[in-house]
Amino acid sequence: GYIQACRGLMISAVCLGFFGAVFGLVGMKCTKVGGSDQTKAKIACLAGLIFILSGLCSMTSCSLYANRITSEFFDPSFVAQKYELGAALFIGWAGASLCIIGGSIFCFSIAENSTSSPRRGYAYNGATSVMSSRTKVHNSVPDKTPPKHFDKNAYV
């Protein structure tokens, strides 16, 4: 019975991961599908929740199977073949952890768009040469005549 439960949890984790990936692709800012940035942020948050749910299903399945293996291994009255924790369980735990971490990153991506303060743009003031910056500081009266000496390094 526990093997069927583990299989069901793993299949649901794979299906949830697929749908999370689809919603994640739709919720990215670089795609044209999904509408405005606020709608995409909500879709990305939904994808994050689905990824977290997928990771929890996978973590539960791996932990349930590992619990059964360890309880049979340390049971002295258990006579059948005893198994040990293998690489597949550790890979399952690592993948589930990555799903949970990635899902939480997707969920926190909505916080960037929910702030009401607009982004500040920086204006380009133009490059100033050494000569023009010196004349601005030392001369209080604006001089409308351009400087007469230009050599090769004046524009570099």
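What you see is a predicted model; the values in this text were computed from it and never measured. In this chain, residues are counted from 1 in sequence order. All heavy atoms count here, side chains included; hydrogens, waters and symmetry mates do not.
Distance check, rounded to the nearest 0.5 Å: CZ of F23 to CZ of F106 gives 12.0 Å. To the nearest 0.5 Å, the span separating CG on L25 from CD1 on I43 amounts to 11.5 Å. Taken from CD1 in I11 to SG in C57, the straight-line distance is 11.5 Å, to the nearest 0.5 Å. Here the CD1-CE distance, from I100 to M59, works out to 4.5 Å after rounding to the nearest 0.5 Å. Here Y65 contributes atom OH and I3 contributes atom CD1; the two are 5.5 Å apart, rounded to the nearest 0.5 Å. Residue F74 holds its CZ atom at 12.0 Å from CD1 of I69, rounded to the nearest 0.5 Å.
Looking at heavy atoms from C-beta onward, I52 lies out of side-chain contact with C99 at the 4.5 angstrom threshold. For the pair F51 and S104, the minimum side-chain heavy-atom distance is 4.5 Å or more.
Counting only distance, with no hydrogens or angles, the side chain of S58 and the backbone of S54 share no donor-acceptor pair below 3.5 Å. Between the side chain of T31 and the backbone N or O of M28 there is at least one donor-acceptor pair closer than 3.5 Å. Checking side-chain atoms of S71 against main-chain N and O of N67 turns up a donor-acceptor pair under 3.5 Å.
Inspection of the S36 and T39 side chains reveals an N or O donor paired with an N or O acceptor under 3.5 Å.
Scanning both residues, K32 and K40, for their nearest heavy atoms gives N-NZ, 3.9 Å. Here the shortest heavy-atom pairing between A47 and G20 reads CB-O, 3.6 Å.
L56 and L89 end up in the same hydrophobic cluster when Ile, Leu, Val, Met, Phe, Trp and Tyr side chains are linked at under 4.5 Å. Under a hydrophobic clustering in which Ile, Leu, Val, Met, Phe, Trp and Tyr are joined whenever their side-chain heavy atoms come within less than 4.5 Å, directly or via other members, F73 and W93 fall into different clusters.
A 6.0 Å sphere centred on CZ of F18 holds no more than 12 heavy atoms belonging to other residues, nucleotides or ligands.
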Test side chain to side chain contact (heavy atoms under 4.5 Å, CB included) on C62 and M10 and set out the steps. CA-CA 9 Å; C62 290; M10 278 299 194; 3.5 Å; yes

